[in-house]
Chemist: 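Encoded as structure tokens, here's the structure I'll be asking about.
None of the values given here were measured: they were computed from a predicted structure.
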Amino acid sequence: MTDNIKLDVIFPLAIRMALIGLLGATFKNYFNDSMRSIYEAIWPTAYITQSDPAFNWITTYLAQSAEAQKQMKSFRLTTSDLRHSKKEEFNRLRTSSNKSKTDSIGIARNDATFVGEAIGQMSLLNDHYVRIKHKGTYLWVERSSKGLANRWAVRIEDHYRIVACWFQAAHGIKQFITDAHELYHKKSDDELIIFNLSPATGNWIDPIHRPSRLWSSVILPITSKEPLLQDVKNFLSEKEKRWYNTRGIPHRRGYLLHGKPGSGKTTLATAVASQLGLDIYIVNPAARGMDDAKLNKAFRNCPAGNMILLEDLDCVMPHRNQTDNDDDDFIDTPAKKDTNESGKNALSKSTVTLSGLLNAIDGVSSQEDCILFATTNHPERLDPALSRAGRFDVQIAFEDATFDQAKLLYKHFYPSSDFGKEVDEDAELSSTVDVEFSETTELIGEKLQEQGTRKSTNRMASEEQLDGLAEQFAQGIFNATNGSKVEADVKSESEPELDIDLGISMAALQNYLLTHKDNPHSAATKASDWSTSLRIEMEQKERKRLLRKAERSKVRVPETD
């Protein structure tokens, strides 16, 4: 009887307690959801983690906002990667030096991104916020590492929390993020944006802003230069995209630039991007930490209508067996061994395979609407599957400098406008006329006209003189020691005869002209001596290479059955 009484009392009590608990939990969830809805309605919020590319958009926006920078009483100071920032950012910490441009050691161009007096960049501290007004919307932007939008997240990460104030619609935050994205990728007509790949994550990191490369600065035969630019322009046109789409052909195109080092391959790719307003995305598959997954991710995340650049493509592929190849270039220039041990470097060696590279270029999930430029010094080392048509439809060979290229390069270094400046100034001094106060207006006009005629004559004379110096420069480069034979008394009897043409690269010519950038006469008159010494040096290196090859061939023992 006692047990029955206890059960009769406990059972209804338990039911009531369960119902109360259920009602309490329901009310709590409803209350939390209601409060969350009210909070989101009053203060719409966006969370952007540091691992997301949008984090850099907000950082760049705050760096260029004078309103935000004024509120940073405490800040985070960064003294590295100053060249990555834009010149108009307000978050630069500068020295108090008042040096003039003429007194400074390094003078940057007006459109360059590096400012010599900047010593650091200031950014927002964690758990600090700034208030800004963006297109009528008041926003709080807070940087924090305490909790994310997802309250159940176990990973704590630096992030921005963007809050819109006082019942303003969430589209205000969306507009702010969209404008921050546009500002991050904004560039002027004379500016080039270069993105590099992070081997650790496979994401594109902060871009570098550089002055664009003038198309006229690319000194190449017009038969190679202009058709390439027109081909890229046609490929990126909307008409060409529609043509590819209607026929079910992937809209991809690759350009392989191959030739000797210093012949202008990378320069041409940079100039094409500058001329067409493209951003450059540089990929190095051989970098430590790279693998097939990161390489494919990088290609997929490259925005359409831009250029992907693969430099030194032959270094990505494994070298051929040197003992099976008679070409001594493979023996003298072996693949560089990575001597870094895993304990000294957090990233492991690259594991990118040929299959992974091919899939990244034209696999099922690879990016379209981009152009792919690749450079190599040794096209013979590339696997046929990599260099075939369909992956690299346009292949351009770069040779040594020619006579006409040398003349054009000389005129590019010393344009007639700069070359004739001193002549004009001398003409003005020598043709200055002392006009008496009593002279008539007609006489003054005649003398001014005569002075202008003399200046024009001097200008024409300077242009003719420039043509003559350019001719003298090219003649000195190519006719000084054509064939480059070393004197008989210097050459040893054991040295083999050379039957090759030792050319000079455009990079070597440019380096020579840089040493005479203020003296065009000296550059022209000393070109012959410089060319002779350079060719002799190159010939001596070639002789040593041939001697080493001959010695190796003597010690080889033929295999016996």
Side-chain angles (χ1 to χ4, degrees), residues 52-54 56-57 60 86 177-198 202-215 218 225-257 265-284 294-311 313 357 359-375 390-394 396:
D52 193 272
N56 294 326
W57 308 348
T60 301
K86 295 186 176 182
I177 297 175
T178 301
D179 293 343
H181 172 268
E182 293 179 358
L183 182 64
Y184 182 77
H185 292 88
K186 180 183 178 182
K187 63 179 180 180
S188 58
D189 295 335
D190 56 353
E191 192 176 25
L192 180 66
I193 299 182
I194 302 174
F195 290 84
N196 287 280
L197 184 66
S198 171
N203 295 327
W204 298 106
I205 58 178
D206 294 349
I208 302 175
H209 296 253
R210 291 290 180 268
S212 60
R213 186 70 185 243
L214 297 177
W215 187 244
V218 181
K225 178 179 171 181
E226 297 300 334
L228 174 64
L229 179 64
Q230 190 61 39
D231 185 85
V232 176
K233 187 182 299 184
N234 291 339
F235 175 78
L236 294 177
S237 64
E238 292 297 329
K239 178 181 178 181
E240 197 77 357
K241 293 179 183 178
R242 290 192 298 269
W243 190 93
Y244 275 79
N245 291 334
T246 54
R247 288 158 179 80
I249 302 175
H251 189 238
R252 307 188 189 102
R253 194 163 183 82
Y255 300 83
L256 180 62
L257 312 181
K265 301 181 291 294
T266 303
T267 300
L268 179 59
T270 304
V272 169
S274 300
Q275 188 73 2
L276 301 180
L278 310 179
D279 296 339
I280 299 180
Y281 290 77
I282 300 179
V283 180
N284 181 13
K294 294 175 183 176
L295 185 64
N296 277 273
K297 177 183 177 181
F299 272 72
R300 289 196 309 269
N301 292 341
C302 181
N306 290 297
M307 175 189 294
I308 300 176
L309 179 60
L310 287 168
E311 291 191 280
L313 189 59
L357 180 59
N359 289 329
I361 293 175
D362 62 355
V364 176
S365 61
S366 61
Q367 175 64 281
E368 297 188 16
D369 300 334
C370 286
I371 57 172
L372 174 63
F373 269 72
T375 66
R391 292 193 172 101
F392 291 101
D393 304 283
V394 180
I396 301 178

Chemist: Taking all non-hydrogen atoms of both residues into account, name the closest pair between I280 and L309 and its distance.
Modeler: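 Of all heavy-atom pairs spanning I280 and L309, the closest is CG2-CB, 4.0 Å.
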Chemist: Search all heavy atoms of I282 against all heavy atoms of W204 and return the closest pair with its distance.
Modeler: O-CZ3, 3.4 Å
Chemist: If you look at every heavy atom in N203 and L197, which pair is closest and at what distance?
Modeler: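 Nearest heavy atoms, N203 then L197: O-CD1, 3.5 Å.
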Chemist: Do T267 and R213 have side chains that approach each other closer than 4.5 Å (heavy atoms only, starting at C-beta)?
Modeler: yes
Chemist: Specify whether H185 and W57 have parallel, tilted or perpendicular ring planes, treating 30° as the upper limit for parallel and 60° as the lower limit for perpendicular.
Modeler: perpendicular
Chemist: Could you check whether any side-chain heavy atom of V272 comes within less than 4.5 Å of a side-chain heavy atom of Y255, counting everything from C-beta outward?
Modeler: no
Chemist: Supply the atom-to-atom distance L268 CG to L257 CG, rounded to the nearest 0.5 angstrom.
Modeler: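 Answer for the CG-CG pair, L268 versus L257, is 6.0 Å.
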Chemist: Out of curiosity, I361 CD1 to F299 CZ, how far, rounded to the nearest 0.5 Å?
Modeler: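 It comes to 5.5 Å.
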Chemist: T266 versus F373: any side-chain heavy-atom pair under 4.5 Å?
Modeler: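 Side-chain contact under 4.5 Å: no.
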Chemist: Can you check side chain to side chain contact (heavy atoms under 4.5 Å, CB included) on D179 and Y184, steps first, answer last?
Modeler: CA-CA 9 Å; D179 293 343; Y184 182 77; over 6 Å; no
Chemist: With heavy-atom distances below 4.5 Å as the criterion, would you say the side chains of N301 and Y281 are in contact?
Modeler: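 Result no, sub-4.5 Å side-chain heavy-atom pair not found.
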Chemist: Passes side chain to side chain contact (heavy atoms under 4.5 Å, CB included), W215 versus L229? Steps please.
Modeler: CA-CA 10 Å; W215 187 244; L229 179 64; 3.7 Å; yes
Chemist: Taking the side chain as every heavy atom from C-beta outward, state whether R253 and V394 have any pair of such atoms under 4.5 Å apart.
Modeler: yes
Chemist: If you look at every heavy atom in P303 and Q367, which pair is closest and at what distance?
Modeler: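 Minimum heavy-atom contact is C-NE2, 4.4 Å.
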Chemist: List for me each residue that meets salt bridge (charged side-chain N to carboxylate O under 4.0 Å, His left out) alongside D279, sequence neighbours excluded, and say none if there are none.
Modeler: K187
Chemist: Going from CZ on R391 to CZ on R252, what distance comes out if it is rounded to the nearest 0.5 angstrom?
Modeler: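 The distance works out to 10.0 Å.
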Chemist: Could you note down all residue pairs passing salt bridge (Lys or Arg N to Asp or Glu O under 4.0 Å) where residues 239-248 supplies at least one of them, sequence neighbours left out?
Modeler: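 Sorted pair list: E238-K241.
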Chemist: Output the distance between atom CD (E368) and atom CG (D362), rounded to the nearest 0.5 Å.
Modeler: 10.5 Å
Chemist: Among all residues two or more places apart in sequence or in another chain, which pass the ring-ring contact (aromatic ring centres under 6.0 Å, His included) test with F235?
Modeler: Y244, H251
Chemist: Before giving the answer on side chain to side chain contact (heavy atoms under 4.5 Å, CB included), spell out for N284 and E311 the whole-Å C-alpha distance, their side-chain angles and the decisive distance to 0.1 Å.
Modeler: CA-CA 7 Å; N284 181 13; E311 291 191 280; over 6 Å; no
Chemist: Considering non-hydrogen atoms only, spot the tightest contact between L372 and L310 and give its length.
Modeler: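 Closest approach of L372 to L310: CD1-CD1, 3.9 Å.
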Chemist: Return the minimal non-hydrogen interatomic distance between N359 and S366, and the atom names on each side.
Modeler: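 Looks like O-CB, 3.7 Å.
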Chemist: Kindly compute the distance separating CD1 (I193) from CD1 (I208), expressed to the nearest 0.5 Å.
Modeler: 11.0 Å
Chemist: Nearest 0.5 Å, what's the OG1-CG distance between T270 and L278?
Modeler: 11.5 Å
